[in-house]
Number of protein chains: 2
Amino acid sequence: MNAFIKKPPRASRRPSAPGSKPKRTRVEQRDATRAGILDAARAHFEERGFEGANVRAIAAEAGVAAGTVLLHFTDKRDLLHAALFEDLERTADLAIRSTPQADLRAQLRHIARCFFDYYAARPALSRTLLEESLLAKPPWAGRFASQVARVHVHLARLVEEAKAAGTLDPSVDAPLLGVSFFSFYYFALIAWVQGAHPDPLALTDKLVAVHLQGLAPRPAPSLTVSPNKKGKPRAR
Amino acid sequence: MNAFIKKPPRASRRPSAPGSKPKRTRVEQRDATRAGILDAARAHFEERGFEGANVRAIAAEAGVAAGTVLLHFTDKRDLLHAALFEDLERTADLAIRSTPQADLRAQLRHIARCFFDYYAARPALSRTLLEESLLAKPPWAGRFASQVARVHVHLARLVEEAKAAGTLDPSVDAPLLGVSFFSFYYFALIAWVQGAHPDPLALTDKLVAVHLQGLAPRPAPSLTVSPNKKGKPRAR
DNA sequence: GCTTCTTGATGAACGCGTTCACTGAACGTG
DNA sequence: CACGTTCAGTGAACGCGTTCATCAAGAAGC
């Protein structure tokens, strides 16, 4: 600008709240601005979806300039993740922490339900959140993968427990069974998001049930038999 | 424009090819323009990916204005699908037509390979093509779903044949087994696209193998046993 | 306390997807 | 053949995500 003209202080210099705020450190300032942007982002994204929300409106609600948003977050997608990933992390924590002592099928059903609840609570965002959890680019891809890995470890532990309890054949590959579960879970979620299936939990449970049935302990080939043995899969 | 000034004819009035072209019908013109745009779109999308390609550059290569592209196609995504969906349809046709007479596992492996080859041939586009095949919006969602349904019918037929041949338990739900296959196939493809797994075909095959093992015919509970019976799943 | 450095913030400019007012040639009709 | 209509095509304008030159206030150094 023209150096001879002293510009007046800019309007809304700080993120606005009525009445002046005491001076604060840069870190406090940065954190407060970031928190305000995230709050506004959550509200906008959840209400209008990812594409329906726009950065200028989010910035306006946070009381900052659009450029400020992009100073704190790499881009619009980064903002979405920063706003909502913590909720997904809490969901994973809950799924792990609250897994009941029950048969494996019920446990897997419980875990699936926790995640489905997360998506069901955000219908306008479910497609984008799912898309990103599956196909995000670095660095978020790594974070989603870590989260899946965390749940996967938990699943493998549940599988080992089922083997020890005799409800799964000892030869079952626990990590691979975890991958099967994730396959069913994601397919059901995609079908739900696309409106092709109304109840992703029921579909997941069904697929899991058939898969687990096939992994039930089988008698060793033997001349000794027990008339009480259950062996026939449920017809469907 | 100023009615008193006669504008010279616009440059590149028609989609350009050196030398004048004979007059042609509107339908011919429309189809020729559309084909030229699709050719340019394929080249740009395959080379630079969906986001790396831009509509103005595609239009320039097709010898038309950007607005012309949007006259023929709803938006940039519609252009992508119009450019590449036929290839995916041919891939599905090939997968169905060339399924060998073999055990079910080999047949499913073959089908998966055909589709994986389609994605592998377009590395720059694989993520977007996969994303769209899973999560596209109408009307393309319907088209992708129809295609999946077509393959699903084929899978169910293969499953019934396996049941008839005695390699699957008669109680197996053929459509549900098809859904399991799609779950494994998509999970493996996502893992590949994300760089989390180098060989989607091997992963799919592994998941399918375990699943099918669990659906092998089981002896009815009986006092009669055959020492030759194979029954233990492969340990992993 | 002053000077210099660092960094949080700004908002206009830019790139690109999309819209739309306008153009002109093909088409249909009298 | 003339003329009104239809529609393929145009490209500037617009919306929105992102960039970047600039500003100003906190922090560090002397």
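In the text below, chain A, chain B and the rest are named by the order of the sequence lines, each starting its count at 1.
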Side-chain donor-acceptor pairs under 3.5 Å in residues 181-188 of chain A, sequence neighbours left out?
{"from": "A:Ser183", "atom 1": "OG", "to": "A:Val179", "atom 2": "O", "distance (Å)": "2.9"}

Identify all side-chain donor-acceptor contacts of residues 56-68 of chain A below 3.5 Å with residues at least two apart in sequence or on another chain.
{"from": "A:Glu61", "atom 1": "OE1", "to": "A:His44", "atom 2": "NE2", "distance (Å)": "2.6"}
{"from": "A:Thr68", "atom 1": "OG1", "to": "A:Ala65", "atom 2": "O", "distance (Å)": "3.4"}

A:Ser126: side chain to side chain contact (heavy atoms under 4.5 Å, CB included) partners, not counting sequence neighbours = A:Tyr119, A:Trp192, A:Val193
message = Test: ring-ring contact (aromatic ring centres under 6.0 Å, His included). Region: residues 51-72 of chain B. Which pairs qualify, not counting sequence neighbours?
response = none
Within the sub-3.5 Å range, which N or O atoms of nucleotides 27-30 of chain C have a protein N or O partner, and how far apart are they?
{"from": "C:dC27", "atom 1": "OP1", "to": "B:Arg26", "atom 2": "N", "distance (Å)": "3.3"}

key: Which residues share a side chain to side chain contact (heavy atoms under 4.5 Å, CB included) with B:Ala145, sequence neighbours left out   = none
ask   = For residues 45-56 of chain A, which residues have at least one heavy atom under 4.0 Å from DNA chain D?
value = A:Ala53, A:Asn54, A:Val55, A:Arg56
Listed once per pair and sorted, the side chain to side chain donor-acceptor pair (under 3.5 Å) pairs that draw on residues 81-90 of chain A, sequence neighbours left out = A:His81-A:Glu132, A:Asp87-A:Arg90, A:Asp87-A:Arg122, A:Glu89-A:Gln147, A:Glu89-A:Arg150
task = Kindly calculate the angle separating the two end axes of the helix from C:dG1-D:dC30 to C:dG30-D:dC1, each obtained from five base pairs, and round it to 10 degrees.
result = 0°
inquiry  = Taking salt bridge (charged side-chain N to carboxylate O under 4.0 Å, His left out) as the definition, give me every residue that meets it alongside B:Asp75, ordered by chain and number, with sequence neighbours left out.
reply    = none
request  = Not counting sequence neighbours, which residues clear side chain to side chain donor-acceptor pair (under 3.5 Å) with A:Ser146? List them please.
outcome  = none
query = In chain order, what residues pass the side chain to side chain contact (heavy atoms under 4.5 Å, CB included) check against A:Pro198, with sequence neighbours excluded?
reply = none
